[in-house]
Amino acid sequence: VALTPTSSLKASYAHTRQYLLLASRTNNPTPLDVWEPVGPWVKPQRADQVAVGYAATFRNGGYEFSAETYFKRSYNVLDFVDGSDVILNPQIESALLQGIGRSYGLEILLRKHIGDWTGWVSYTLGKTEQRFVAGPGAGINDGAWFPSPTDKVHDLSVVAVKPINARWTFGTTFSLASGLPVTYPVSRYVIDDYVVPEYGARNANRLPSYHRLDL
């Protein structure tokens with residue numbers, strides 16, 4: 001919907017289905033990713049997403065600004081049951097559980113098209129969580145919400161480009177993002193000379209923040 005000749009308001013809704021699902025196990029000395037197709041024991045993942053955004057240009061199109069907020073609800077999300085044995089398991093379906101997920105956040109973009117330097121700055125503030133309930137004392141993380149393996153609260157990108165001459169262009173990109181969730185051991189036991197780790201709440205910790213500068 002056009003608000004003015006240089007600004008507009010937009011809204012969208014999407015319903016999706018996924019028939020090849022990814023389950024990631026991080027609370028294990030040997031992390032494991034499994035792509036599981038839909039079958040008798042695995043239902044297709046469904047998702048509903050709504051988004052509302054605002055976009056505008058300034059100085060005869062030399063500058064562009066946009067902001068969008070979104071909310072996504074997912075069903076039949078796949079993950080490994082706490083304490084399950086997945087290594088060399090011929091019946092991997094017995095170690096999987098399906099639950100629900102939710103994602104929400106805000107995305108902002110400011111782009112410069114004119115001048116010696118062009119480029120853009122983008123920032124995303126978001127949250128992605130999952131929940132798996134399978135009865136009293138069962139499920140994942142005691143049935144409580146926990147961050148999904150791909151959850152990044154902050155994600156910032158800065159891009160700058162400057163033409164030097166007809167053949168050469170200088171460009172730089174800076175990226176900064178929150179560390180991904182991870183599950184760390186909180187204690188360990190020695191049983192028959194074997195060290196057995198005990199892990200805490202699912203994805204309760206985070207890796208260090210990630211940053212990179214490219215020239």
Side-chain angles (χ1 to χ4, degrees), residues 13-51 69-105 124-155 177-192 194-208 210:
Y13 166 77
H15 176 78
T16 60
R17 286 177 176 265
Q18 185 173 336
Y19 296 91
L20 186 60
L21 311 185
L22 174 64
S24 298
R25 180 162 186 166
T26 58
N27 60 335
N28 194 286
T30 56
L32 179 68
D33 288 347
V34 172
W35 286 97
E36 185 71 15
V38 171
W41 310 107
V42 177
K43 300 177 182 179
Q45 181 174 318
R46 298 180 292 109
D48 295 292
Q49 177 173 317
V50 294
T69 181
Y70 64 89
F71 179 82
K72 180 179 181 180
R73 187 80 170 187
S74 302
Y75 307 90
N76 300 327
V77 179
L78 199 66
D79 208 335
F80 291 106
V81 177
D82 288 338
S84 58
D85 185 9
V86 300
I87 304 299
L88 301 179
N89 187 345
Q91 295 178 328
I92 194 67
E93 294 86 358
S94 62
L96 297 172
L97 187 65
Q98 291 190 280
I100 57 177
R102 60 187 181 190
S103 304
Y104 48 93
T124 299
L125 174 67
K127 187 69 177 176
T128 303
E129 298 175 302
Q130 301 178 154
R131 186 182 186 188
F132 300 83
V133 180
I140 300 175
N141 204 48
D142 294 329
W145 288 97
F146 64 92
S148 70
T150 57
D151 177 54
K152 286 193 293 185
V153 179
H154 304 284
D155 194 346
S178 301
L180 294 176
V182 65
T183 307
Y184 288 144
V186 295
S187 62
R188 65 178 183 177
Y189 305 91
V190 178
I191 303 175
D192 294 334
Y194 287 98
V195 177
V196 180
E198 179 183 4
Y199 288 87
R202 181 72 67 94
N203 290 346
N205 305 99
R206 285 189 179 272
L207 297 173
Y210 169 83

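Counting begins at 1 with the first residue of the sequence.
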J.: Is any side-chain heavy atom of Leu96 less than 4.5 Å from a side-chain heavy atom of Trp41?
T.: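 A side-chain contact is absent here, since even the closest heavy-atom pair is not under 4.5 Å.
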J.: Under 4.5 Å between any side-chain heavy atoms of Arg131 and Val133, yes or no?
T.: yes
J.: Would you indicate whether the side-chain heavy atoms of Val77 and Phe132 approach each other to under 4.5 Å?
T.: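 Yes, their side chains come closer than 4.5 Å.
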J.: Determine, stepwise, if the pair Val186 / Tyr199 fulfils side-chain contact (heavy atoms from CB on, under 4.5 Å).
T.: CA-CA 5 Å; Val186 295; Tyr199 288 87; over 6 Å; no
J.: Using 0.5 Å steps for rounding, measure from the CG atom of Asn203 to the CD atom of Glu129.
T.: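 Separation between the atoms: 11.0 Å.
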J.: Could you tell me if the side chain of Phe80 sits less than 4.5 Å from the side chain of Ile140, heavy atoms only?
T.: no
J.: One pair to check against side-chain contact (heavy atoms from CB on, under 4.5 Å): Leu125 and His154. What are the steps and the verdict?
T.: CA-CA 5 Å; Leu125 174 67; His154 304 284; 3.7 Å; yes
J.: So which atom in Asp155 and which in Ala177 form the shortest heavy-atom distance, rounded to 0.1 Å?
T.: OD1-CB, 4.1 Å
J.: Do you know the tightest heavy-atom contact between Tyr184 and Leu207?
T.: OH-CD2, 3.6 Å
J.: Can you tell me how far apart CH2 (Trp35) and CG (Leu78) are? Round to the nearest 0.5 Å.
T.: 10.5 Å
J.: Please report the interatomic distance CG(Asp48) to CZ(Arg102), rounded to the nearest 0.5 Å.
T.: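 One finds 15.5 Å between CG of Asp48 and CZ of Arg102.
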J.: Within the structure provided, determine whether Gln130 and Pro149 are in side-chain contact (heavy-atom separation under 4.5 Å).
T.: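 In short, these two side chains touch, coming nearer than 4.5 Å.
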J.: Is it true that Tyr189 and Glu198 share a donor-acceptor pair across their side chains at a distance under 3.5 Å?
T.: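 Their side chains do contain a donor-acceptor pair, which is all the 3.5 Å distance test asks for.
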J.: Looking only at heavy atoms, which two atoms of Gln18 and Val38 are closest? And how far apart?
T.: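 Taking Gln18 first and Val38 second, the nearest heavy atoms are O-CG2, 4.2 Å.
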J.: Determine whether a donor-acceptor pair (N or O, by modelled atom type, separation under 3.5 Å) exists between the side chain of Thr128 and the backbone of Ser103.
T.: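 No: the side chain of Thr128 does not pair with the backbone of Ser103.
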J.: Which heavy-atom pair separates Leu21 from Asn76 by the least distance, and what is that distance?
T.: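 Answer, listing the atom of Leu21 first, then Asn76: CD1-O, 3.9 Å.
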J.: Per the side chain to side chain donor-acceptor pair (under 3.5 Å) rule, which among Asn141, Asp142, Asp79 passes with Arg202?
T.: Asp79
J.: Check the surroundings of atom NZ in Lys43: do more than 12 heavy atoms from other residues, nucleotides or ligands lie under 6.0 Å from it?
T.: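 Result for NZ/Lys43: open.
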J.: Indicate yes or no for a side-chain donor-acceptor contact from Gln49 to the backbone of Lys72 under 3.5 Å, with no hydrogens or angles considered.
T.: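 Here the side-chain-to-backbone pair does not exist.
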J.: What's the shortest heavy-atom distance between Ser148 and Pro181, and which atoms?
T.: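 That would be O-CG, 3.3 Å.
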J.: Determine the minimum heavy-atom distance between Tyr70 and Gly126, stating which atoms define it.
T.: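 Nearest pair, atom of Tyr70 first, then Gly126: OH-CA, 4.0 Å.
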J.: Ile100 versus Trp145: any side-chain heavy-atom pair under 4.5 Å?
T.: yes
J.: To the nearest 0.5 Å, tell me how far Leu180 CG sits from Lys152 NZ.
T.: 6.5 Å
J.: Taking Gly105's backbone N and O only, do any of them form a donor-acceptor pair with Thr69's side chain (distance below 3.5 Å, no angle check)?
T.: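 Yes; judged by distance alone, with no hydrogens or angles, the pair exists.
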J.: How many angstroms lie between OH in Tyr75 and CZ in Arg17, if you round to the nearest 0.5 Å?
T.: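 The CZ atom of Arg17 is 12.0 Å from OH of Tyr75, to the nearest 0.5 Å.
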